[in-house]
Amino acid sequence: MKLKNILKYLFIAALAMQLASCDNKEDVDPIFNQTPTERLNVQKKELNDLLESSEFGWKAVYFTDTTQLGGFTHLFKFKSGSVEMASDFDNDTAIYKSEYGIELGSTVSLVFTTKNRIHLLSDSNNFPVASLRGKGYKGDFQFLYYGQDNGQIIFKTNRSFQELRFVKATAQDWADLPKNIAMIPNVVGASTRPLFRLLETNDGSKTSQFDFNFTGATRYATANSIETGSNITSNIGIAYTATGIIVSPPVKVGNQNLTDFTYDSVSGAFTAAGTNNVTATIKYSNKPLVLTDDYKKLLAGNPNNVYAYIYNLTNTASTNSLLFNTILTELKLSLPAGAQLTRIQPWFNNPDGSNYIEYRFGNATGATIARYYHYFTVKEDATNKVVILNPLQWKTSTLSTAPVIAAPAFLKKLDDQLMNPNGLYFIKQGGLPYPAFTLTGFNSTFRMTVYPFQ
C-alpha cells in the first residue's frame with residue numbers, strides 16, 4: 001500500500017476516535033466537570049447542612065484511645081457557625097456556646113475553632129494519670145468528614161484517624177446527660193457493696209469469669225480470666241449512660257459483641273444481653289474469685305519479706321479500694337501542711353524474728369520527717385486462707401533500745417484495718433504495670449496495693 005494511502009487511513013481512524021470521544025463526554029458524570037475545589041465546596045455545604053438539620057443536634061460517645069481510656073458523651077447543636085455543647089467529662093453538664101468551622105484541605109473537616117468542652121480531651125496538660133502526662137486524654141477537636149451511614153455522620157479524627165460517629169440527638173439526651181454523672185458511683189463501686197467484682201460471660205453453654213478492676217480517673221477496666229492456665233483478658237473502656245454503661249472495645253462472648261450494659265440497682269450488677277441466652281455481667285463477689293496460698297510466705301519460718309504501699313507508685317493503683325483511699329484522704333487532712341504519708345511498709349520475718357508495719361512520712365521536698373513502727377505477730381487462718389496480724393507495741397525506731405510509745409491517734413483508723421482480727425487476704429495482683437500484691441480485709445471493703453521488694 002502506498003504511503004499516502006496509509007496516512008489517509010490513519011487520519012480517518014484518528015478522526016473517528018475523536019468524534020467518539022466527544023460523544024462519550026455527554027455520558028460522563030457531571031461531577032468530573034468540577035474542579036477538586038468545587039467538589040470540596042459541595043461537600044462543605046453538604047456537611048454544614050447536615051450539622052444544622054437535626055432539630056436537637058447530635059450526640060457522640062467519644063472513645064479517644066480504647067487501649068487505656070474510656071468514653072465521653074458530647075452533645076452538639078449547630079447553627080450558623082455557632083455550636084452549643086455539653087458533655088459528661090466531669091460534673092459540669094451545663095451547655096456552653098462556641099464557634100465551629102468547616103475547613104477545606106485534602107478533605108472536608110469539622111473544626112471546633114474556639115474553646116469548649118471537646119477541648120478538655122485534647123489539652124495535653126489535662127491528664128488523668130501520671131502515665132498520660134503530656135498526652136492528656138488523647139482527644140481531638142478536628143474531625144475529617146467521611147459521609148453518612150443510616151442517618152449517622154461518619155468522621156475520622158485528625159490525629160489518630162479513628163472513626164467517630166455523630167448520631168441524631170433527642171431532647172431526652174440533653175435532659176439525661178446529668179444522669180451519666182449520677183451513674184459514676186455505681187460503676188466505681190459504692191462502699192456499701194462487696195469489694196470484689198467480676199465480669200461473668202455466658203455463651204449459652206459455658207460460663208467464664210474474669211477478675212474485674214475499674215479505674216475511675218481513666219474510665220478504664222481490666223478483666224483477666226481466673227481459669228487456670230488461661231491468659232484471656234477483656235480490657236475495656238467505659239462510657240456512662242443514664243441507664244448503665246457502654247463499653248469499647250465490645251465484650252466478645254462466643255461470636256457476639258456486647259456493648260450496652262444496663263444497671264440493676266438492687267444487685268449493683270451491669271448486664272448486657274445478646275441473642276440465644278448470651279450474656280455478660282459485671283457483678284459483685286463477697287470474697288476473692290481465686291483464693292491462693294500466697295499468704296503462706298508471710299508466716300514464721302520463711303525468709304524476710306518486705307512490701308510497701310508507695311505514694312509515688314501504688315497510690316493510683318486501680319486495686320486500691322474506696323475505703324482505703326478515703327482513709328488516706330482523712331489522714332492527710334490531719335497532718336501538718338506539706339506533710340505526706342509516703343509509705344506503708346509491712347516487714348515480715350526480720351532477722352531478729354520481728355514483724356512490723358513502718359509508717360513513713362515525708363515533707364514537700366520528699367525528705368523523710370518521721371517513722372512509726374507497729375510491731376505484730378502473725379497467725380494463719382488456713383480455712384479462709386488469710387493471715388492475721390496480732391498487734392504489739394509501737395516505736396519510732398527499730399533499735400532494740402528504742403522506747404515503746406503510745407499508739408499515734410492519727411494512724412488508728414488505717415492501722416485498725418491492717419490489724420483486722422478476722423485477717424487479711426494476701427494475693428498476687430495482675431493487671432498493673434509493676435509486680436504487686438493486695439492486702440484485703442476479710443469481710444471488709446479495705447484493700448491496699450503493695451509493691452514487693454524481693
Practice problem: Show your reasoning for whether salt bridge (Lys or Arg N to Asp or Glu O under 4.0 Å) applies to Lys283 and Glu200. | Solution: CA-CA 8 Å; Lys283 61 184 183 179; Glu200 185 173 271; 2.9 Å; yes
Exercise. State, yes or no, whether a side-chain contact exists between Thr440 and Leu195 at a heavy-atom distance under 4.5 Å.
Key: yes
Quiz item: Hey, are the side chains of Glu330 and Lys413 touching, using non-hydrogen atoms and a 4.5 Å cut-off?
Solution: yes
Practice problem: Quick one: do Leu164 and Lys156 satisfy side chain to side chain contact (heavy atoms under 4.5 Å, CB included)? Show the steps, please. | Solution: CA-CA 6 Å; Leu164 177 67; Lys156 289 191 177 179; over 6 Å; no
Self-check item: Tyr307 ring center near Phe453 ring center (under 6.0 Å)
Solution: no
Exercise. State, with a plain yes or no, whether a side-chain heavy atom of Gln43 is found less than 4.5 Å away from one of Ile102.
Key: no
Self-check item: Centroid separation Phe410 to Tyr372 less than 6.0 Å
Solution: yes
Quiz prompt | Residue pairs fulfilling ring pair (Phe, Tyr, Trp, His ring centres under 6.0 Å) with at least one residue in residues 207-264, sequence neighbours excluded | solution = Tyr263-Phe270
Quiz prompt | Min side-chain heavy-atom separation Ser444-Gln417 under 4.5 Å | solution = yes
Exercise. Evaluate whether atom CG of Asn277 has more than 12 neighbouring non-hydrogen atoms of other residues, nucleotides or ligands under 6.0 angstrom away.
Key: no
Quiz prompt | For Ile245, the option from Asn180, Thr262, Val187 that meets side chain to side chain contact (heavy atoms under 4.5 Å, CB included) | solution = Val187
Exercise. May I ask you to say whether Arg117 pairs ionically with Asp90, meaning some side-chain N is under 4.0 Å from a carboxylate O?
Key: yes
Quiz prompt | With sequence neighbours excluded, residues passing side chain to side chain donor-acceptor pair (under 3.5 Å) with Asp211 | solution = Asn213
Practice problem: Please determine which of Tyr425, Phe196, Phe426 meets the ring pair (Phe, Tyr, Trp, His ring centres under 6.0 Å) test together with Phe442. | Solution: Tyr425
Practice problem: Name all residues meeting the side-chain contact (heavy atoms from CB on, under 4.5 Å) criterion together with Ile369; count only those two or more places apart in sequence or in a different chain, and write none if there are none. | Solution: Ala339, Phe361, Asn363
Quiz item: Do you know which two heavy atoms are closest between Ala239 and Val61, and how far apart they sit?
Solution: CB-CG1, 3.6 Å
Quiz item: When you look at Tyr295 and Asn384, which way does the side-chain hydrogen bond (donor to acceptor under 3.5 Å, both in side chains) test go after all the steps?
Solution: CA-CA 11 Å; Tyr295 76 95; Asn384 291 311; over 6 Å; no
Quiz item: Got Val253 and Thr279 here, is their nearest side-chain heavy-atom distance under 4.5 Å?
Solution: no
Practice problem: Could you list the residues that satisfy side-chain contact (heavy atoms from CB on, under 4.5 Å) with Asn150, not counting sequence neighbours? | Solution: none
Practice problem: Take Asn48 and Lys45 through the side chain to side chain contact (heavy atoms under 4.5 Å, CB included) test and state the conclusion after the steps. | Solution: CA-CA 5 Å; Asn48 197 68; Lys45 184 178 185 306; 5.8 Å; no
Exercise. Test Thr157 against every option in Leu144, Thr64, Asp140 by the side chain to side chain contact (heavy atoms under 4.5 Å, CB included) rule and name the one that passes.
Key: Asp140
Quiz item: Under the 3.5 angstrom rule, does the side chain of Thr368 hit a backbone N or O of Ala370 as a donor-acceptor pair?
Solution: no
Exercise. Answer with yes or no after comparing the ring centroid distance for Tyr356 and Trp347 against a 6.0 Å cut-off, counting only values under it.
Key: yes
Quiz item: So does Lys138 pair up with Asp65, basic N to acidic O under 4.0 Å?
Solution: yes
Quiz item: Do Phe141 and His119 make the cut of ring centroids closer than 6.0 angstrom?
Solution: yes
Quiz item: Are Asp88 and Lys179 within salt-bridge range, i.e. N to O under 4.0 Å?
Solution: no
Quiz item: What do the steps show when you test Ser318 against Asn320 for side-chain hydrogen bond (donor to acceptor under 3.5 Å, both in side chains), and what is the final call?
Solution: CA-CA 6 Å; Ser318 61; Asn320 291 331; over 6 Å; no
Quiz item: Looking only at atom types and distance, does a side-chain atom of Arg219 sit under 3.5 Å from a main-chain N or O of Gly71, one as donor and one as acceptor?
Solution: yes
Quiz item: What is the minimum heavy-atom distance between Asn420 and Gly441, and which atoms define it?
Solution: ND2-CA, 3.9 Å
Self-check item: Closest non-hydrogen atom pair, Ala86 against Leu177
Solution: CB-CD2, 3.6 Å
Exercise. Taking all non-hydrogen atoms of both residues into account, name the closest pair between Tyr284 and Pro194 and its distance.
Key: CD2-O, 3.0 Å
Quiz item: Is it true that atom NZ of Lys97 has more than 12 heavy atoms of other residues, nucleotides or ligands lying nearer than 6.0 Å?
Solution: no
Quiz item: Quick one: ring pair (Phe, Tyr, Trp, His ring centres under 6.0 Å) partners of Phe143, sequence neighbours excluded?
Solution: Tyr62
Quiz item: Distance-only, no hydrogens or angles: does the Thr66 side chain make a donor-acceptor pair with backbone N or O of Ser248 under 3.5 Å?
Solution: no
Practice problem: List the steps, then state whether side chain to side chain contact (heavy atoms under 4.5 Å, CB included) holds for Leu424 with Leu389. | Solution: CA-CA 8 Å; Leu424 301 167; Leu389 311 186; 4.0 Å; yes
Quiz item: Does Glu163 pair with Arg165 as a salt bridge, N-O distance under 4.0 Å?
Solution: yes
Quiz item: Going through the checks in order, is the side-chain hydrogen bond (donor to acceptor under 3.5 Å, both in side chains) test met by Lys332 and Gln340?
Solution: CA-CA 6 Å; Lys332 183 172 177 59; Gln340 174 67 55; 3.0 Å; yes
Quiz item: For the ring pair Phe63 and Phe72, is the centre-to-centre distance below 6.0 Å?
Solution: no
Self-check item: Lys385 NZ: over 12 foreign heavy atoms closer than 6.0 Å
Solution: yes
Quiz item: Looking only at heavy atoms, what is the nearest atom pair of Ile236 and Pro249, with distance?
Solution: CG2-O, 3.2 Å
Exercise. Would you mind reporting whether Tyr137 and Pro128 have side-chain heavy atoms less than 4.5 Å apart?
Key: yes
Self-check item: Test: Arg447 cationic atom under 6.0 Å from Phe324 six-membered ring centre, within 45° of axis
Solution: no
Quiz item: Do Phe78 and Glu84 pass the side chain to side chain contact (heavy atoms under 4.5 Å, CB included) test, and can you show the C-alpha distance, the side-chain angles, and the key distance before you say yes or no?
Solution: CA-CA 7 Å; Phe78 300 90; Glu84 294 180 339; over 6 Å; no
Self-check item: Minimum heavy-atom distance Leu322-Gly189, with the two atoms named
Solution: CD2-O, 3.8 Å
Quiz item: Do you know which of Ile154, Leu50, Leu110 makes side chain to side chain contact (heavy atoms under 4.5 Å, CB included) with Phe166?
Solution: Leu110
Quiz item: Do Val387 and Asp294 have side-chain heavy atoms sitting under 4.5 Å apart?
Solution: no
Quiz item: Quick one: does Glu99's side chain get under 4.5 Å of Val83's, heavy atoms only?
Solution: no
Quiz item: Taking only residues two or more places apart in sequence or in another chain, which ones pass side chain to side chain donor-acceptor pair (under 3.5 Å) with Tyr359?
Solution: Asp415
Quiz item: Side chains of Asn116 and Thr114: do they bring a donor and an acceptor to under 3.5 Å?
Solution: no
Quiz prompt | Residue among Thr449, Asn315, Thr342, Thr314 satisfying side-chain hydrogen bond (donor to acceptor under 3.5 Å, both in side chains) with Tyr309 | solution = Asn315
